[in-house]
Amino acid sequence: WITDRIGIFRGLWILGLAQAVSNLGYWIAASVIPLAPPGTVVPFEHQAILYAASATESFTGGLGTAAFLAFLMAIVRKDRAATEYALLSSVFALSRSVAGWAGGLGAQSMGYANWFLLTFFLVFPALLLLPWVRRMLDRQSGRDEAA
């Protein structure tokens, strides 16, 4: 609905930034909630912070993923859309798996708070690619109009 209203390009910008900001919720949680040994009762306030960070990340992650998948649908050629979309979405899924694995190593070596703060800043190089994405969308739109 959002990408339909504001467009794929703007949706990628806005929802990509929303995803980045959601990582700051985990940074706050990791900064505020002390590490405790297993079996320790976690105070409600700490649970609420963590649940809020998780809910925000899930919500913005879903929105950002929807915008990205709309982008993939927009750039595939109609005569071979099923194959191209399947391949591109598979690469997307693989990248999430690799990022999850790397995230575990990063959090272990840097600590949770530092890791989540870093992930906020790691979004910006990807956002620098958006002008290239705009050209891809414009080129595909031109192909669709010609057909």
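Scope of the values below: all heavy atoms of this structure, side chains included, with no hydrogens, waters or symmetry mates.
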- [ ] Drop me the distance from L72's CG to L88's CG, to the nearest 0.5 angstrom.
- [x] 5.5 Å

Open item on the list: Count I, L, V, M, F, W, Y as connected when their side-chain heavy atoms are under 4.5 Å apart, and connections chain through other members. Are L94 and Y85 then in the same cluster?
Closed with: no

Open item on the list: Looking at S54 and Y51, would you say the former's side chain and the latter's main chain have a donor-acceptor pair under 3.5 Å?
Closed with: no

Task: Where at least one partner belongs to residues 83-95, residue pairs that pass salt bridge (Lys or Arg N to Asp or Glu O under 4.0 Å), sequence neighbours excluded - done: R80-E84

Task: Least distance between heavy atoms, Q47 atom then V42 atom - done: NE2-O, 2.9 Å

Task: Between CZ on residue R134 and CG on residue L129, distance to nearest 0.5 Å - done: 15.5 Å

Task: Heavy atoms of other groups near W115 CH2, more than 12 under 6.0 Å - done: yes

TODO: Please check if the side chain of S90 supplies one atom and the backbone of A86 the other of a donor-acceptor pair under 3.5 Å.
DONE: yes

Task: Closest approach of A74 to I8 (non-hydrogen atoms, all atoms of both residues) - done: CB-CD1, 3.6 Å

- [ ] Specify the closest pair of heavy atoms between H46 and P34, including all atoms of both residues, with the distance to one decimal.
- [x] CE1-CD, 3.5 Å

Task: Partner set under side chain to side chain contact (heavy atoms under 4.5 Å, CB included) for T65, not counting sequence neighbours - done: L69, F92, R96

TODO: Decide yes or no on side chain to side chain contact (heavy atoms under 4.5 Å, CB included) for D4 and W1, but give the supporting numbers first.
DONE: CA-CA 5 Å; D4 187 43; W1 179 83; 5.6 Å; no

Open item on the list: Hydrophobic clustering (ILVMFWY, side-chain heavy atoms < 4.5 Å, transitive) - are L15 and F9 grouped together?
Closed with: no

- [ ] Taking all non-hydrogen atoms of both residues into account, name the closest pair between A81 and V76 and its distance.
- [x] CB-CG2, 3.8 Å

TODO: Grab the two heavy atoms, one from V123 and one from G16, that are nearest each other, plus how far apart they are.
DONE: CG1-O, 3.9 Å

Task: Heavy-atom closest contact (A29 atom, L50 atom, distance) - done: CB-CD1, 4.2 Å

Open item on the list: Check the orientation of F120 and F124. Use parallel for under 30°, tilted for 30 to 60°, and perpendicular for over 60°.
Closed with: perpendicular

Open item on the list: Please tell me whether V32 and V21 are part of a single hydrophobic cluster in this structure, the criterion being side-chain heavy atoms less than 4.5 Å apart.
Closed with: yes

Task: Distance in Å, L122 CG paired with T119 OG1, rounded so as to fall on 0.5 Å steps - done: 6.5 Å

Task: CG on L63 to OG on S58, rounded to 0.5 Å - done: 11.0 Å

- [ ] First locate atom OG of S22, then atom CZ of F59, and finally report the distance between them rounded to the nearest 0.5 Å.
- [x] 11.0 Å

TODO: Look at the side-chain heavy atoms of Ile, Leu, Val, Met, Phe, Trp and Tyr, link any pair under 4.5 Å apart, and say whether M110 and I33 land in one connected group.
DONE: yes

Open item on the list: Using the rule given for side chain to side chain contact (heavy atoms under 4.5 Å, CB included), can you reason through L24 versus L117, listing the C-alpha separation, both sets of side-chain angles and the distance that settles it, and then say yes or no?
Closed with: CA-CA 6 Å; L24 292 177; L117 185 60; 4.0 Å; yes

Task: Distance in Å, L137 CG paired with L12 CG, rounded so as to fall on 0.5 Å steps - done: 7.5 Å

Task: Under the ring pair (Phe, Tyr, Trp, His ring centres under 6.0 Å) test, residues paired with Y112 that sit two or more places apart - done: none

Open item on the list: I'd like to know if I2 and M73 are part of one continuous hydrophobic network [Ile/Leu/Val/Met/Phe/Trp/Tyr, side-chain heavy atoms within less than 4.5 Å].
Closed with: no

Open item on the list: Quick check on L35: does its CG atom have over 12 non-hydrogen neighbours (other residues, nucleotides or ligands) under 6.0 Å away?
Closed with: no

